[in-house]
Amino acid sequence: MEFKHTIRKVIYALTCLILTTSCSSGKIVISNNTDISKYKYVVFGDNTTGDYELDDIYMSVRNVITDNLTELSNSDYRTTLCVDSILTPNINIKSEKWDGGYTYITISFYDYKNQQRVAVVKSSGIGLSISQDQDVALKAAKKKITELFRNNKKTK
């Protein structure tokens, strides 16, 4: 009898895990005629919006971007000959403040030279507890950012 109860718990936990990973949503939109593979560098500015209580998620998103692109400071870009291969992201993170609320992450990538939007990555949670939903949204964002820059992966 106890064995059946344990099996039910395991099946329930596996079902929840599968639903959590499969229900998270993420999306990539690339501007027409944009060759995203030409971008090798990133410059971060002060162009972030959202709740400052979510800075840990912001930093995690930023780390994923710098895992895929080489970060330059605002002054470094002037010394590089590759001005045409620099992106600057605008990272927006919002989290609804009640359990069952959603977390939304939107990263808009702009061409640093002409400030044209070239790609947008979006993700959201699935309405679990606040911290679980933030984790789900962050995992989906990481997956989509890595997918966007899969051919640009930096060598360390």
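In what follows, every heavy atom counts, from backbone to side chain, and hydrogens, waters and symmetry copies are set aside.
- From Gln116, atom CD reaches atom OG1 of Thr34 across 9.0 Å, with rounding to the nearest 0.5 Å.
- Annotation: the span from Lys94 atom NZ to Ile105 atom CD1 amounts to 13.0 Å, rounded to 0.5 Å.
- Proximity of Leu87 to Phe149: side-chain heavy atoms (C-beta onward) are separated by under 4.5 Å at one or more points.
- Checking Asp111 against Tyr39 by side-chain atom types alone, a donor-acceptor pair falls below 3.5 Å.
- Closest approach of Val136 and Gly125 over heavy atoms only: CG1-CA, 4.0 Å.
- You'll find the side chain of Asp133 stays beyond 4.5 Å of the side chain of Ser95, heavy atoms only.
- Considering CG of Asn90 and OH of Tyr110, their distance stands at 5.5 Å, rounded to 0.5 Å.
- Checking side-chain atoms of Thr106 against main-chain N and O of Asn92 turns up no donor-acceptor pair under 3.5 Å.
- Between the CG atom of Asp135 and the CD1 atom of Ile57 there is a distance of 7.5 Å, given to the nearest 0.5 Å.
- Clustering ILVMFWY residues whenever any of their side-chain heavy atoms sit less than 4.5 angstrom apart, transitively, puts Phe44 in the very cluster that holds Ile93.
- At least one side-chain heavy atom of Ile65 sits under 4.5 Å from a side-chain heavy atom of Ile107.
- There is a path of hydrophobic side-chain contacts, each under 4.5 Å, that joins Ile30 to Val118.
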With side chain to side chain contact (heavy atoms under 4.5 Å, CB included) as the test, would you mind laying out the steps for Lys40 and Thr70 before giving the verdict? CA-CA 6 Å; Lys40 306 293 183 205; Thr70 302; 5.9 Å; no

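- There is no path of hydrophobic side-chain contacts, each under 4.5 Å, that joins Met59 to Val64.
- The line from CD1 of Ile91 to OH of Tyr58 is 4.5 Å long, rounded to the nearest 0.5 Å.
- Annotation for Gly101 and Glu96: closest pair CA-OE1, 3.2 Å, computed over non-hydrogen atoms.
- Side-chain atoms of Ser124 never come within 3.5 Å of backbone atoms of Tyr104 as a donor-acceptor pair (strictly under, hydrogens ignored).
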Using side chain to side chain contact (heavy atoms under 4.5 Å, CB included), reason through Lys144 and Leu148 one step at a time and then give a plain yes or no. CA-CA 6 Å; Lys144 291 301 177 184; Leu148 177 64; over 6 Å; no

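- Residues Ser123 and Ala141 share a closest heavy-atom pair of OG-CB, 3.4 Å.
- In this structure, the side chains of Lys113 and Ile86 stay at 4.5 Å or more apart for every pair of heavy atoms.
- For Glu53, the CD atom counts as loosely surrounded, since its 6.0 Å shell holds 12 or fewer non-hydrogen atoms of other residues, nucleotides or ligands.
- The shortest heavy-atom contact between Ser73 and Val43 is O-CG2, 4.3 Å.
- Note: the hydrophobic cluster containing Ile36 does not contain Val120 (ILVMFWY, side chain heavy atoms under 4.5 Å, direct or indirect links).
- Between Arg62 atom CZ and Asp67 atom CG the span is 12.5 Å, to the nearest 0.5 Å.
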